[in-house]
K.L.:
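Below you'll find the structure I mean.
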Amino acid sequence: MSSVSGQPQFRYTQPPSKVLHLRNLPWECTEEELVDLGKPFGNVIRTKSNVGANKNQAFIEFADLNQAIAMISYYASSSEPAQVRGKTVYLQYSNRQEIVNSQTTADVAGNVLLVTIEGADARLVSIDVLHLVFSAFGFVHKITTFEKTAGYQALVQFSDAETASCAKNALDGRCIPSYLLSDQMGPCTLRITYSAHTDLSVKFQSHRSRDYTNPYLPVAPSAIDGSGQATVGSDGKKLEPQSNVLLASIENMQYVVTLDALHMVFSAFGPVQKIAMFDKNGGVQALIQYPDTQTATVAKEALEGHCIYDGGFCKLHISYSRHTDLSIKVNNDRSRDYTLSNIAASNSQPSILGQQPSATVGAPPHQYVGAQYMPSPSQPMVPQTTTGWVAAPVPQSMPMQVPSSMPPYGQPGVVPRSMPMQVPNSMPPYGQPGSVPYQMGPGMMHVPNQNGFPNPGAGNPYRLDRYQ
DNA sequence: AGCACA
């Protein structure tokens with residue numbers, strides 16, 4: 001007695017239930033929207049959204065069976081289909097009689113997120129890229145990655161559930177911005193739920209796991225060669241010998257790049273201990289020393305190929321130096337040891353205090369060294385909360401994603417600005433759910449705000465004054 | 001576009 005139409009029988013044979021099964025929902029659909037949908041027909045006592053692999057299904061449960069029947073009947077004969085956010089929603093009786101909420105994992109907010117990376121090239125997404133993406137919302141403590149039936153997944157541990165929620169809300173369903181991926185890679189979508197974990201166990205720094213709270217954690221044997229250098233990146237690719245010291249060369253240097261500008265840029269990833277600038281092959285190069293290789297690696301991967309100034313100016317090319325500890329003889333405008341707070345400047349020249357950035361070609365785009373950021377020989381510049389670091393308004397024309405520690409962008413001729421851009425701490429740079437994420441222009445840098453620490457004034461371990 | 005706590 002099967003259907004003559006050839007259509008699956010269940011389409012017409014679902015027995016009534018207080019529970020309705022909805023599909024074709026937008027994944028953003030909230031519980032509240034589900035309640036609103038059912039409200040005209042009765043009392044919605046339970047809902048469950050984001051059901052199914054695509055999170056585009058849901059259930060609503062009425063207090064009374066007749067209410068469910070009323071809703072099904074109405075839309076069965078209505079010319080207007082049920083809709084959520086403009087999408088037609090398909091309704092039917094559920095094959096269950098009530099919604100059971102096993103709120104074991106995915107709905108309970110925790111400080112650890114379970115991230116599924118979708119896409120043909122998902123496995124090529126390095127742990128460092130994930131770190132960069134999630135650091136925009138706060139300090140990432142640990143990351144582990146693994147392969148499950150669900151695909152390539154990662155657990156990302158934040159300090160608290162609030163931070164994790166911000167990251168989840170902003171990133172769930174989004175793609176990793178393409179400029180963080182290599183050119184050949186296709187889109188990689190993030191699907192995020194809460195994990196039941198609260199503290200991940202990371203034994204080694206490796207391709208698969210990282211503990212950012214413990215830079216001294218041993219590197220996994222599998223990632224070390226005979227010389228004690230890590231040979232394999234988190235993406236499994238061969239690496240050049242790593243170092244805590246980076247060699248940066250600056251291409252297309254239309255505008256002068258000062259020691260202080262470099263210090264600002266590289267400090268976004270951790271404490272910069274020393275910088276030495278020099279001329280080579282007609283260009284400017286700099287050595288930047290971090291306390292550890294991990295920090296240098298993050299900085300290198302984040303900054304490589306990006307420009308200090310908008311418009312393709314002062315493009316950075318970064319490699320690992322063979323140095324491990326720079327010898328800074330004097331503190332001057334080309335070299336500085338930030339670990340020494342009381343060293344006298346060379347010849348104690350007051351001139352650098354009054355020195356304006358000068359353009360190597362044309363006029364400078366702006367002077368980014370304002371009064372409060374003037375380097376002082378005895379007091380390396382420290383962004384002080386009291387001097388406008390937090391208060392600096394974000395101009396409308398600037399993208400929200402402007403890295404906080406960067407000198408302000410500007411085209412030549414733009415009115416000089418005297419302080420670095422600051423993204424408001426409370427607002428993640430990804431915008432609100434539902435808005436278009438990643439509106440960053442090409443060539444702009446995307447680095448975690450506040451070095452991954454949401455509050456520059458409290459407990460940021462990268463603050464210079466902590467280790468001066 | 002087709003049933004959840006895998």
Side-chain angles (χ1 to χ4, degrees), chain A residues 2-35 37-38 41-42 44-63 65 67-69 71-110 112-118 122 144-156 161 164-165 168 172-173 189-198 200:
Chain A
S2 60
S3 160
V4 205
S5 70
Q7 295 295 327
Q9 282 189 352
F10 60 74
R11 179 172 292 204
Y12 305 106
T13 56
Q14 286 297 313
S17 164
K18 311 201 290 306
V19 182
L20 301 184
H21 175 227
L22 319 196
R23 50 184 207 274
N24 199 220
L25 290 158
W27 67 267
E28 302 96 327
C29 181
T30 63
E31 306 276 341
E32 187 184 357
E33 284 170 308
L34 295 174
V35 171
L37 200 62
F41 306 96
V44 177
I45 62 169
R46 288 227 71 111
T47 65
K48 185 163 185 61
S49 60
N50 290 122
V51 168
N54 298 125
K55 301 192 175 198
N56 57 0
Q57 299 174 46
F59 299 94
I60 62 178
E61 180 178 344
F62 285 98
L65 177 63
Q67 298 167 351
I69 293 173
M71 185 167 182
I72 290 291
S73 303
Y74 174 82
Y75 284 114
S77 57
S78 167
S79 55
E80 292 289 319
Q83 289 191 336
V84 170
R85 303 192 186 203
K87 278 189 84 175
T88 294
V89 176
Y90 300 92
L91 301 170
Q92 64 188 150
Y93 296 115
S94 171
N95 52 25
R96 304 205 197 175
Q97 290 304 119
E98 56 189 12
I99 293 177
V100 303
N101 257 339
S102 63
Q103 276 215 350
T104 48
T105 51
D107 292 331
V108 178
V112 178
L113 298 177
L114 172 62
V115 181
T116 305
I117 301 110
E118 297 177 348
T144 62
T145 61
F146 50 92
E147 194 80 32
K148 273 286 181 64
T149 47
Y152 180 54
Q153 294 187 303
L155 290 163
V156 180
S165 296
K168 177 177 181 293
D172 188 16
T189 306
L190 301 173
R191 300 285 174 191
I192 304 177
T193 61
Y194 294 106
S195 163
H197 290 91
T198 56
L200 305 175

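Convention: sequence-line order gives letters A, B, ...; per-chain numbering from 1.
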K.L.:
Using atom CG of Asn24(A) as one end and atom P of dA1(B) as the other, report the distance to the nearest whole Å.
P.N.:
5 Å
K.L.:
Is the shortest side-chain heavy-atom distance between Phe59(A) and Leu22(A) below 4.5 Å?
P.N.:
no
K.L.:
Mapping Val19(A) and Lys87(A) to their closest nucleotides on DNA chain B, which lands nearer the 5' end?
P.N.:
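Comparing both residues, the 5'-ward one is Lys87(A).
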K.L.:
Round to a whole Å and report the spacing from CZ of Arg191(A) to C1' of dA6(B).
P.N.:
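Taking CZ of Arg191(A) and C1' of dA6(B), I get 17 Å after rounding.
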K.L.:
Using whole Å, report how far CG of Asn54(A) lies from C1' of dG2(B).
P.N.:
12 Å
K.L.:
When you measure from the side chain of Lys48(A), which nucleotide among dA4(B), dA1(B), dC3(B) comes out closest?
P.N.:
dA4(B)
K.L.:
Residues in ring pair (Phe, Tyr, Trp, His ring centres under 6.0 Å) with Tyr93(A), at least two apart?
P.N.:
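Once residues adjacent in sequence are excluded, Tyr93(A) has no partner under the ring pair (Phe, Tyr, Trp, His ring centres under 6.0 Å) criterion.
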K.L.:
What's the CD1-P distance between Ile60(A) and dC3(B), to the nearest Å?
P.N.:
17 Å
K.L.:
How about Phe62(A) and Phe41(A): are their ring centroids closer than 6.0 Å?
P.N.:
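Here the rings of Phe41(A) and Phe62(A) have centres that are no less than 6.0 Å from each other.
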K.L.:
Kindly point out which of dA1(B), dC3(B), dC5(B) is positioned nearest to the side chain of Arg23(A)?
P.N.:
dA1(B)
K.L.:
What is the nucleic acid contact for Glu98(A), judged by heavy atoms within less than 4.0 Å: base, sugar-phosphate only, or nothing?
P.N.:
base
K.L.:
Find the distance Leu91(A):CG to dG2(B):P and express it as a whole number of Å.
P.N.:
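Answer to the nearest Å: 14 Å.
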K.L.:
What is the distance, rounded to the nearest whole Å, between atom NZ of Lys55(A) and atom C1' of dA4(B)?
P.N.:
13 Å
K.L.:
Between the base of dA1(B) and the ring of Tyr90(A) - centre-to-centre under 5.5 Å, planes within under 30° - is that a stack?
P.N.:
yes
K.L.:
Report the distance from atom CG of Asn56(A) to atom C1' of dA4(B), rounded to the nearest whole Å.
P.N.:
13 Å
K.L.:
Does dA4(B) have OP1 or OP2 under 4.0 Å away from a side-chain N or O of Arg96(A)?
P.N.:
yes
K.L.:
So, do Val89(A) and Pro81(A) sit near enough that their side-chain heavy atoms are less than 4.5 Å apart?
P.N.:
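With C-beta onward as the side chain, the pair stays apart.
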K.L.:
Check ring pair (Phe, Tyr, Trp, His ring centres under 6.0 Å) between His197(A) and all other residues, then give those that pass, not counting sequence neighbours.
P.N.:
none
K.L.:
Could you tell me how far apart Tyr93(A) (OH) and dA4(B) (P) are, to the nearest whole angstrom?
P.N.:
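To the nearest whole Å, that distance equals 20 Å.
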